[in-house]
There are 2 protein chains.
Amino acid sequence: MTVTEVPAGGVTISAAAELSGLTVDTLRYYEKEGLSLRRPGRSASGQRRYTEEDVRWLGTLVMLRRTGMPIRDIRRFVDLYRTEGSEAQRLAILEAHREHVLEELNEVQTHLDAINRKITYYKELVNG
Amino acid sequence: MTVTEVPAGGVTISAAAELSGLTVDTLRYYEKEGLSLRRPGRSASGQRRYTEEDVRWLGTLVMLRRTGMPIRDIRRFVDLYRTEGSEAQRLAILEAHREHVLEELNEVQTHLDAINRKITYYKELVNG
DNA sequence: ATTTGACCTGGAGTGCGCTCCAGGGTTCAT
DNA sequence: ATGAACCCTGGAGCGCACTCCAGGTCAAAT
C-alpha cells in the first residue's frame, strides 16, 4: 500500500501507522501534542479516518522528527501552517532547521572519520 | 588548553570537562556507569586527577556518544578494552557501529533532501 | 448470541541521558 | 584566617518521546 492508495473515505489509524512508519500510539500521541494539521475525520462510530492529505502530513512530521526537530518546535511550525500568510516564517524555520541538520551531519561525519581511523588501526593490528 | 597540555600530575575534573567538551556532572556519571577505561587517579585529598590518557579516552567516549552509541553499548566496548586480546571483537563493534552510523546519515540525508525541496517550494512562493 | 479484534479515552509508566542537590571537605588568594 | 571557589558522595529529579494499560465501545464473522 502506497500513500496514493488511500481510499476516498480515508484509512484507519493502523493503516495510517503502516503508511507513515509510525505506531498507532505515536499517531495518537502526536495528535494530542497538537502536531496534526487538522484532526483526522471520524467514522460514524468515532474512529479516526485518515485522508491522503493526512497521511502526507504524517510524512512531513516524520521528516522533521527524524532530522531531530523536537516536538515543541514542530508544534510551532504546525501552528504557522494553520496561519494564512505565514509562508515566510515557515520558510525561516525550515532554513534554520536545515542549518541545524547540516551542522549535526558535519559533526557526526567528523566523528565518523575518527571511527574509521580507529577501524583502520585495528584492522592492521588484527589482520596485518 | 589543548589535550597535549595536560601536566604530569593530571588535571582537575573541571579542566578535563573543558578539554572534553563534557560537563563535570557527565564525567562523574560516565565513571559511575563504568565507561572509564581506568578510574582517574586521586590527589592526596581524594580529588580526581585526569592524565593525558584519561582525557584522550574521554574523546573516544564523545566520539561514540555523538554518533549515537548508547551508554549500554559503550560499556560493552569498554569492557572489551579492558580485556587483553579482544582486538578483533573491538573491531567488530566499531565496524557494526560504523554501518549503523552510515545508515543513520543516509536516512537523515534523505529527509534533508525533502526539506530542501520544501524550502525551494517556499522560496518560490515567497519571493518569486 | 457470542466471540474476536480493532478501535476509543485518560492517564500512568518507561528508558535514556543526563542534571541537580544536600551536606560536607579542601584549596587558595587576600 | 576567612571567604570564595572548587571538589566529594549518594541519591533525587528532570525532560523528552514515546509506550503501555484499564476499561470500555463497536462491527463483523461464526
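Note that these values count all heavy atoms, side chains included, but never hydrogens, waters or copies made by symmetry.
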message: Rounding to an integer number of Å, can you tell me how far A:L64 CG sits from D:dA17 P?
response: 12 Å
- request: Report yes if a side-chain nitrogen or oxygen of B:R28 is closer than 4.0 Å to either non-bridging phosphate oxygen (OP1 or OP2) of C:dC20; otherwise report no.
  value: no
field: Nearest-Å distance for atom pair CD1/C1', residues A:I13 and C:dA6
entry: 11 Å
task: Scan B:R65 against the nucleic acid and name what it touches under 4.0 Å (heavy atoms): base, sugar-phosphate only, or nothing.
output: sugar-phosphate
- prompt: With sugar-phosphate meaning primed atoms plus P, OP1 and OP2, does A:R42 contact a base, only sugar-phosphate, or nothing at under 4.0 Å between heavy atoms?
  reply: sugar-phosphate
- prompt: Below 4.0 angstrom from OP1 or OP2 of D:dC8, is there any side-chain N or O of B:R48?
  reply: yes
message: Just the rounded figure in Å: distance from C1' of C:dC7 to CZ of A:R49.
response: 9 Å
query: Starting at OH of A:Y29 and ending at P of C:dC8, how long is that distance when rounded to a whole Å?
result: 18 Å
- line: 5'-most contact on DNA chain D (nearest-nucleotide basis), B:D25 vs B:S14, goes to B:S14
Spacing between A:D73 atom CG and D:dA17 atom C1', to the nearest angstrom: 14 Å
- prompt: Pick the nucleotide of DNA chain D nearest each of B:E31 and A:R72; which residue has the one closer to the 5' end?
  reply: B:E31
query: Is the distance from OP1 or OP2 of D:dC18 to the nearest side-chain N or O of A:T23 less than 4.0 Å?
result: no
task: Decide, yes or no, whether a salt bridge links A:E107 with B:R65 under the criterion of side-chain N to carboxylate O below 4.0 Å.
output: no
query: What's the spacing between A:L91 CG and B:L125 CG if we round to 0.5 Å?
result: 9.5 Å
query: Do the charged groups of B:E87 and B:R90 touch, with an N to O distance under 4.0 Å?
result: yes
- prompt: Are OP1 or OP2 of D:dC8 and a side-chain N or O of B:S45 less than 4.0 angstrom apart?
  reply: no
task: Quick one: label B:S43 by what it contacts on the DNA or RNA (base, sugar-phosphate, nothing), any heavy atom closer than 4.0 Å.
output: nothing
- prompt: Would you say C:dC7 has OP1 or OP2 under 4.0 Å from some side-chain N or O of A:T12?
  reply: yes
statement: Note: for B:A44 and B:M69 on DNA chain C, the residue whose nearest nucleotide lies more 5' is B:M69
task: Round to the nearest Å and state the distance from A:I71 atom CD1 to D:dC18 atom C1'.
output: 9 Å
- line: A:L27 atom CG is separated from C:dC8 atom C1', nearest whole Å, by 14 Å
task: Find the distance B:L35:CG to C:dG17:P and express it as a whole number of Å.
output: 10 Å
- prompt: Are A:E104 and A:H100 close enough that a side-chain donor and a side-chain acceptor fall under 3.5 Å?
  reply: no
message: If we ignore hydrogens and angles and just use 3.5 Å, is the side chain of A:T83 paired with the main-chain N or O of A:D79 as donor and acceptor?
response: yes
